[in-house]
Amino acid sequence: SHRTRSAQEFALLTDMYGADLPVPRPVAAHSRQDGLWYRANLVTCEIEDTHTLAQAVIDGLDIDWSAIGRTIGRFHRWGLDHADLNAHNILINEDSRVFLIDFDRGRRRARGKWAQGNLQRLHRSLIKLGAENRIDRFAQSAWRVLRQGYES
């Protein structure tokens, strides 16, 4: 059904991919009703040679915080309200290109306070990972650079 979360996520992903936003290429969505339950699958192409922002923080890798901010800004200007923007849903490839994944419950909407809510959620996830202990001057430096990239 077109009302299932997987179908809605597929439609959103298809729109974003068509708008040339850095997302995995959508392939198919499938759901099957079984009494009161349904099983849903979303198939996308793999983005090769990537790691999550969370893994980069944990491993102490160099992170292009400005590129992350610019990428999130592009999605927000397009109107994406990412329901679960966190360090595990941001992928970085070997060329420092940034991709967003996991758009379950995400939606396109007019610009509003939700955008700051997305950023606050990401900030909390980085703090939870211990970013302030793992990254020199995280709170003052890296997050500020991300915000500057976001605004540019």
Side-chain angles (χ1 to χ4, degrees), residues 1-59 61 63-129 131 138 142-152:
S1 164
H2 64 279
R3 290 188 304 268
T4 64
R5 282 184 11 196
S6 65
Q8 290 169 347
E9 184 178 358
F10 181 80
L12 181 63
L13 191 56
T14 299
D15 289 347
M16 289 186 294
Y17 188 80
D20 204 30
L21 288 166
V23 297
R25 185 167 66 83
V27 176
H30 175 263
S31 62
R32 192 176 75 216
Q33 187 78 29
D34 187 13
L36 295 174
W37 310 101
Y38 79 93
R39 176 177 308 235
N41 299 302
L42 178 67
V43 180
T44 63
C45 287
E46 179 183 3
I47 303 170
E48 293 185 3
D49 301 320
T50 61
H51 51 270
T52 65
L53 175 57
Q55 199 60 52
V57 168
I58 289 165
D59 292 346
L61 303 177
I63 298 168
D64 185 344
W65 293 103
S66 182
I68 292 166
R70 286 192 307 274
T71 300
I72 296 167
R74 275 183 69 195
F75 279 91
H76 282 176
R77 284 189 296 280
W78 183 80
L80 175 73
D81 179 359
H82 193 301
D84 190 19
L85 186 62
N86 66 61
H88 298 279
N89 290 333
I90 297 174
L91 299 182
I92 306 165
N93 76 4
E94 293 177 341
D95 299 325
S96 293
R97 281 200 60 214
V98 179
F99 302 83
L100 297 190
I101 60 170
D102 190 4
F103 302 100
D104 184 34
R105 298 186 327 275
R107 59 191 173 129
R108 190 170 189 189
R109 56 196 297 204
R111 199 69 195 263
K113 288 184 179 151
W114 57 263
Q116 292 309 310
N118 279 196
L119 290 172
Q120 288 164 0
R121 184 180 192 100
L122 173 59
H123 193 258
R124 285 192 306 272
S125 90
L126 289 164
I127 298 298
K128 198 152 97 178
L129 281 169
F138 170 74
W143 186 254
R144 189 180 69 238
V145 171
L146 183 148
R147 291 300 305 243
Q148 288 167 346
Y150 176 84
E151 302 295 341
S152 70

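Numbers for residues simply follow the sequence, beginning at 1. When reading the values below, keep in mind they use all heavy atoms of this one structure, side chains included, and skip hydrogens, waters and symmetry mates.
When atom types are taken as modelled, the side chain of Ser6 and the backbone of Ala29 share no donor-acceptor pair closer than 3.5 angstrom. Within the 3.5 Å criterion, the main-chain N or O of Arg5 finds no donor-acceptor partner in the side chain of Asp104. The main-chain N or O of Arg97 is never found under 3.5 Å from a side-chain atom of Asp95 such that the two would form a donor-acceptor pair. With hydrogens and angles ignored, the 3.5 Å screen pairs a side-chain donor or acceptor of Arg108 with a backbone N or O of Trp78. Within the 3.5 Å criterion, the main-chain N or O of Leu61 finds no donor-acceptor partner in the side chain of Asp59.
By the 4.5 Å heavy-atom criterion applied to side chains, Arg105 and Gln8 are not counted as neighbours. Side chains of Leu91 and Thr52 form a contact here, defined as non-hydrogen atoms less than 4.5 Å apart. Residues Met16 and Pro26 have side chains not in contact (no heavy-atom distance under 4.5 Å, counting atoms from C-beta outward). Contact check for Trp114 versus Arg109: side-chain heavy atoms found under the 4.5 Å cut-off. Leu80 is listed as a side-chain neighbour of Leu12, based on a closest heavy-atom distance under 4.5 Å.
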(message) Set out, in order, the CA-CA distance, both residues' side-chain angles and the distance that settles side-chain hydrogen bond (donor to acceptor under 3.5 Å, both in side chains) for Arg70 and Ser66, then state yes or no.
(response) CA-CA 6 Å; Arg70 286 192 307 274; Ser66 182; 2.6 Å; yes

(message) Assess the residue pair Ile90 and Ile72 against the criterion (side chain to side chain contact (heavy atoms under 4.5 Å, CB included)); give the C-alpha distance rounded to whole Å, side-chain angles, the decisive distance to 0.1 Å, and a yes or no.
(response) CA-CA 9 Å; Ile90 297 174; Ile72 296 167; 4.2 Å; yes

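If you check the side chains of His76 and Asn118, you find a donor sitting under 3.5 Å from an acceptor.
Under a cut-off of 6.0 angstrom, the local environment of CZ in Arg111 is crowded, with over 12 non-hydrogen atoms contributed by other residues, nucleotides or ligands. Environment of CZ in Phe99: crowded, with over 12 heavy atoms of neighbouring residues, nucleotides or ligands closer than 6.0 Å.
Residue Ala142 comes nearest to Trp65 through the heavy atom pair CB-NE1, 3.4 Å, listed as atom of the first residue, atom of the second, then distance.
Note: His123 and Trp143 have perpendicular aromatic rings, judged against thresholds of 30 and 60 degrees for the angle between ring planes.
The list of salt bridge (charged side-chain N to carboxylate O under 4.0 Å, His left out) pairs with a residue in residues 14-30, not counting sequence neighbours, is empty.
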